[in-house]
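Notes to accompany the following structure.
Side chains are part of it too, since the values below use all heavy atoms of this structure and drop only hydrogens, waters and symmetry mates. Residue numbers begin at 1 in each chain, while the letters A, B, ... track the order of the sequences.
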Amino acid sequence: MFPLREPYDVAQPPVSAAPVKLGRAIVVTSGKGGVGKTTTTANLGTALAKRGVSVALVDADVGLRNLDILLGLESRIRYHLLDVLEEKVELDDALVRDKHTPNLYLLAAAQSREKEEVDTESMRDLIEELRERFEYVLIDCPAGIEMGFKNAVVGAQEAIVVCTPEVSAVRDVDRVVGLLGNAFAPKLIINRVRPHLVHKGKMLSVEDVNSILRLPLLGVIADEPDVIVSTNKGEPLALRSDSQAAAAYHAIAARVAGEDVPAPMVEYKETFMDKLGSLLGGRR
Amino acid sequence: MTLNEVLTRLNRIFGRENSGATAKERLRLVLMSDHLSLAPDMIEQMKQDLVAVVSRYMEVDRDKIDVRFEHQDRVFAMLANVPIISVNRTPSPPMSRPRRRRRRKSTVQQDLQGTQSSSGTQPAAGTA
């Protein structure tokens, strides 16, 4: 249990005496909103940190801050990204230590500011500073392809694109991948797959999506009620061990870290009742 | 055959409307349209190539050529409207072949250098 008297916000990120090499800055993006970028960032960050590496999460969605909610850190945010970029506070003052996972830190977005207020050069420098101190820097990109997107990708070297099996989401990912170009080696997470619907031919399958996008697949996450529950509680699913989606996030984290494990997939096992139901229920 | 398998077959026989397939087809078409709208240089180049080929056989009104792309029922089509001024009695020699080879080579070299063909005279080889 988390002690009540934990000092608020006084983060002490790991400081290595000899700066070895820069960490990896990975932007999590999608183009379309609502496909699960923030959920993915929170869970992937948690899963990576649980592997024992240091991780900084940067919420680049200025004006629509949410990553703090998913991590359950909303009451601890005192300073934000723009405070640091505008040198009002030190980076250490704004980095909030996660309450569940050691080695995980959050730099929250500003809620009352606008994306256009972010200075692109300062953002690049900030991500580099974070890379000096953390092994992974995950940047939660806002929806869209305007200034917020540009500022979110400016400091990153790699990209993870999140897509759902919907025409609109795939189209937007296609556009974003075109904008990213070859430089970011984008890898794909397909989120919110409902194996039941795919089985019935009522949802684009993983193969359908990736026959069009043709990206290296990090993994597939099923649309599970647990995801909503974890959002309600502010406890990323990756903290748990009893959920399929949690296992998928851990496998994806392992793959991001370079481990040769299979990409998590979702499978549907049709039950007798399903078959009976679809026979009697007619065509929809 | 178990009852389970019987139901599988029956479901297959009665058929189910496959909106996933509809989604896939719509996606395929919309992405073609998107990719074309994002590559105006390529389309301009293709127009010029098209004119060059047609001009071997007939004189066309270059200013009034209209190339459009349209969703039609289940296909995405290119529609070219090329007004003809006169027809040649014999086709002019194919000019473009030897030149094209040289051009293609230079494009490949450019691709290897990792730069994109920027001038309008380069064929957009290598870009999907």
Side-chain angles (χ1 to χ4, degrees), chain A residues 31-32 145 163-185 190 192-215 223 266 268-284, chain B residues 1-45 69-71 73-76 107-118 122 124-128:
Chain A
K32 187 177 178 299
I145 52 173
C163 191
T164 56
E166 296 164 282
V167 178
S168 49
V170 179
R171 180 193 205 180
D172 290 2
V173 163
D174 177 77
R175 179 87 168 98
V176 160
V177 168
L179 287 172
L180 287 174
N182 299 324
F184 292 85
I190 303 183
R192 303 240 177 93
V193 175
R194 297 192 187 188
H196 178 72
L197 291 184
V198 174
H199 176 82
K200 287 182 147 186
K202 290 181 179 175
M203 181 177 249
L204 289 169
S205 69
V206 169
E207 294 72 30
D208 290 340
V209 172
N210 216 14
S211 70
I212 284 160
L213 295 175
R214 295 175 187 279
L215 293 171
D223 193 15
V266 293
Y268 177 65
K269 291 181 184 68
E270 192 178 36
T271 62
F272 174 77
M273 285 308 288
D274 288 330
K275 285 179 190 170
L276 190 63
S278 56
L279 181 65
L280 301 177
R283 311 148 192 201
R284 239 176 296 173
Chain B
M1 199 186 288
T2 65
L3 189 52
N4 206 12
E5 284 164 345
V6 171
L7 282 174
T8 307
R9 294 230 171 157
L10 282 174
N11 272 332
R12 214 172 282 154
I13 290 161
F14 286 113
R16 296 169 292 213
E17 196 198 332
N18 199 339
S19 67
T22 311
K24 191 181 178 185
E25 186 57 16
R26 289 179 64 209
L27 188 54
R28 196 178 66 81
L29 294 178
V30 80
L31 285 182
M32 274 198 283
S33 168
D34 285 359
H35 291 169
L36 280 170
S37 69
L38 291 169
D41 288 357
M42 189 184 83
I43 293 175
E44 191 48 46
Q45 177 62 42
F69 297 89
E70 271 188 19
H71 286 285
D73 198 16
R74 292 198 163 185
V75 292
F76 187 69
T107 311
V108 169
Q109 281 167 352
Q110 281 206 344
D111 283 349
L112 288 175
Q113 287 160 9
T115 56
Q116 289 188 334
S117 57
S118 51
Q122 297 284 348
T127 57

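Across all non-hydrogen atoms, the minimal contact from R171(A) to L27(B) is N-CD1, 3.9 Å.
For chain A, the nearby part of A21(B) is the backbone; its heavy atoms alone come within less than 4.5 Å. Contact annotation for D174(A): only side-chain heavy atoms (C-beta onward) come within less than 4.5 Å of a heavy atom of chain B. For chain B, no part of S168(A) is nearby; none of its heavy atoms comes within less than 4.5 Å.
Note that CZ of R175(A) is 9.5 Å distant from NE2 of H35(B), once rounded to the nearest 0.5 Å. We find the CG-CG distance between L31(B) and L213(A) to be 7.5 Å, quoted to the nearest 0.5 Å.
Taking L204(A), I212(A), V209(A) one by one and counting their heavy-atom pairs under 4.5 Å with chain B, the maximum is reached by L204(A).
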